There are 2 protein chains.
Amino acid sequence: MPVINKQKTTKSTNQSRNSEATRNQLLDAAEAEFAVTGLIAARMEAIAAQTGVTKATIYYYFQSKEELYQAMLERCLVGMLGLAEQLQLDCLPPDAALVKLLATMLQCMSENPHVGSILCLEAVQNKGKYYPKQLGNILYGTIIEILERGMLSGAFRQLEPRHTAVNIVGTCSFYFTAQENLKYLWPGKRLLGKELLQSHTQESIDLIMAGVRN
Amino acid sequence: MPVINKQKTTKSTNQSRNSEATRNQLLDAAEAEFAVTGLIAARMEAIAAQTGVTKATIYYYFQSKEELYQAMLERCLVGMLGLAEQLQLDCLPPDAALVKLLATMLQCMSENPHVGSILCLEAVQNKGKYYPKQLGNILYGTIIEILERGMLSGAFRQLEPRHTAVNIVGTCSFYFTAQENLKYLWPGKRLLGKELLQSHTQESIDLIMAGVRN
DNA sequence: AGTTTATTTAACTAAACGGTCAGTATAGCT
DNA sequence: AGCTATACTGACCGTTTAGTTAAATAAACT
């Protein structure tokens with residue numbers, strides 16, 4: 001393995017002995033691996049190799065495969081919720097708030113295609129055993145609030161907010177989670193390319209907004 | 001599944017010696033196992049045990065784990081497409097056709113919760129390697145046709161049919177695929193129970209129809 | 001310099017898994 | 001009855017994998 005910049009420089013950022021950096025790199029690699037395989041089928045060896053360390057190093061930072069998985073899952077959701085909070089949707093009218101949230105969710109999914117797969121695999125394989133329900137409910141709570149505000153203001157039609165919130169998240173995830181099955185619909189085009197991504201974003205927002213508006 | 005005995009023998013139909021039945025049982029068990037674990041993590045031993053035979057018996061019927069998986073995946077999709085064909089949606093106006101198709105898809109997903117997970121896992125884990133694209137395109141083709149007819153007749157607004165079709169399928173799958181993550185939204189209720197299922201179906205159809213109508 | 005402490009490794013174990021094989025039991029045929 | 005093709009089993013093999021151990025290396029602190 002290529003050890004770069006082994007000695008030299010009083011700059012103390014020697015990555016190969018930087019505990020925090022190694023930990024984060026391990027979580028990155030774990031995210032990539034778990035996103036494809038899920039918890040059970042993930043290979044610790046692969047995560048180690050991806051990080052450029054040995055398997056034993058993982059066990060220096062994490063007690064077990066399970067614990068590594070939980071840490072990765074939590075970091076994943078916390079990161080996504082952080083984005084949602086920054087939007088300050090309460091200040092916007094429900095209509096604009098939902099558009100903004102939709103755009104952000106779609107962008108988030110496209111920039112980190114792992115997160116959709118990870119949550120999907122967590123549900124299917126682990127039956128939600130490690131799903132941090134509090135964090136999850138915050139996301140759905142945000143959508144539900146907007147929908148309720150919209151119904152009160154008359155901007156949205158009368159709808160059941162929870163079912164609608166689920167359908168909204170479903171719409172925002174499916175294109176990315178199932179992309180490998182969907183690619184045959186656009187032969188020769190990249191689903192995550194600029195063109196398709198832009199049109200998909202527009203179409204999804206249009207569909208949902210038309211679906212909830214009065 | 002009633003197994004018809006080919007001959008009248010002293011002992012009544014010995015199921016454990018019925019080749020076709022065993023094969024189907026194996027595919028059933030494989031479906032249940034693969035739907036939770038995906039291809040890689042599935043345990044042949046578990047599939048055998050579920051069927052009530054030994055592991056070697058699986059290899060009597062299927063060459064490998066991979067072949068068993070492919071057979072199961074194909075049977076899965078063929079079964080679902082059979083339902084869609086029976087609907088004869090071409091005879092209906094686009095509006096009614098889409099409602100009928102949505103209702104059928106949602107019912108199909110609720111009756112066989114495996115199918116959504118299987119397709120999701122196929123995309124995420126295997127990157128669509130075994131996805132029978134011809135079969136898959138038939139389903140999307142059906143939706144796209146209806147949408148195009150609706151735009152021509154003026155019943156539906158101008159939309160991009162492929163993206164919309166993907167979003168429709170996403171809406172119809174997500175509730176079932178991600179149910180284990182979603183259950184916290186309805187504490188104490190069963191997501192596949194009559195009450196929630198009925199309201200979810202209604203809400204989903206309403207959302208999509210409002211989303212596409214002019 | 002030397003000693004301690006944090007970080008990483010190679011080598012290993014025990015269990016699990018996919019797949020094989022030689023052989024057994026049964027049904028149908030002549 | 002004996003023969004043959006079909007359906008199935010139990011024991012086994014080689015490989016892979018999560019997790020462990022003791023030792024090595026590098027940084028930090030006297």
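These values consider heavy atoms only, across backbone and side chains, with no hydrogens, waters or symmetry-generated copies. A note on names: the letters A, B, ... follow the listed sequences, proteins ahead of strands, and every chain is numbered from 1. All values reported here derive from a predicted model rather than from experimental measurement.
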Under the rule for salt bridge (charged side-chain N to carboxylate O under 4.0 Å, His left out), what residues qualify as partners of [X], not counting sequence neighbours?
X: R75(B); result: D28(B), E31(B)
X: K189(B); result: E195(B)
X: K183(B); result: E180(B)

With sequence neighbours excluded, residues passing ring pair (Phe, Tyr, Trp, His ring centres under 6.0 Å) with H114(A):
none

Do you know the tightest heavy-atom contact between Y61(A) and E67(A)?
O-OE1, 4.4 Å

Tell me the interatomic distance from [X], atom [atom1], to [N], atom [atom2], rounded to whole angstroms.
X: F62(B); N: dT20(C); atom1: CZ; atom2: C1'; value: 18 Å
X: Q63(B); N: dG18(C); atom1: CD; atom2: P; value: 17 Å
X: Q25(B); N: dA7(D); atom1: CD; atom2: P; value: 14 Å
X: Y61(A); N: dT7(C); atom1: OH; atom2: C1'; value: 6 Å
X: Y59(B); N: dT6(D); atom1: OH; atom2: C1'; value: 21 Å
X: L39(B); N: dC17(C); atom1: CG; atom2: P; value: 15 Å

Apply side chain to side chain contact (heavy atoms under 4.5 Å, CB included) to P161(A) and list each qualifying residue two or more places apart in sequence or on a separate chain.
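By the side chain to side chain contact (heavy atoms under 4.5 Å, CB included) rule, P161(A) matches I144(A), L147(A), E148(A), M151(A).
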
Output a table of donor-acceptor pairs, distance under 3.5 Å, between side-chain atoms of residues 49-56 of chain A and any protein atom two or more places apart or on a different chain; print 'none' if there are none.
| residue | atom | partner | partner atom | Å |
| --- | --- | --- | --- | --- |
| T51(A) | OG1 | I47(A) | O | 2.7 |

Within less than 4.0 Å of OP1 or OP2 of dT7(C), is there a side-chain N or O belonging to T22(A)?
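T22(A) to dT7(C) OP1/OP2: no side-chain N or O under 4.0 Å.
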
Under 4.0 Å, heavy atom to any atom of DNA chain D: which of residues 119-127 of chain B qualify?
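Correct list: empty, so none.
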
Side chains of residues 81-90 of chain B: which donor-acceptor partners sit under 3.5 Å, not counting sequence neighbours?
none

Classify every nucleotide of nucleotides 9-17 of chain D by which part a protein heavy atom approaches to under 4.0 Å, writing B for the base, S for the sugar-phosphate alone and - for neither, in 5'-to-3' order.
BB------S

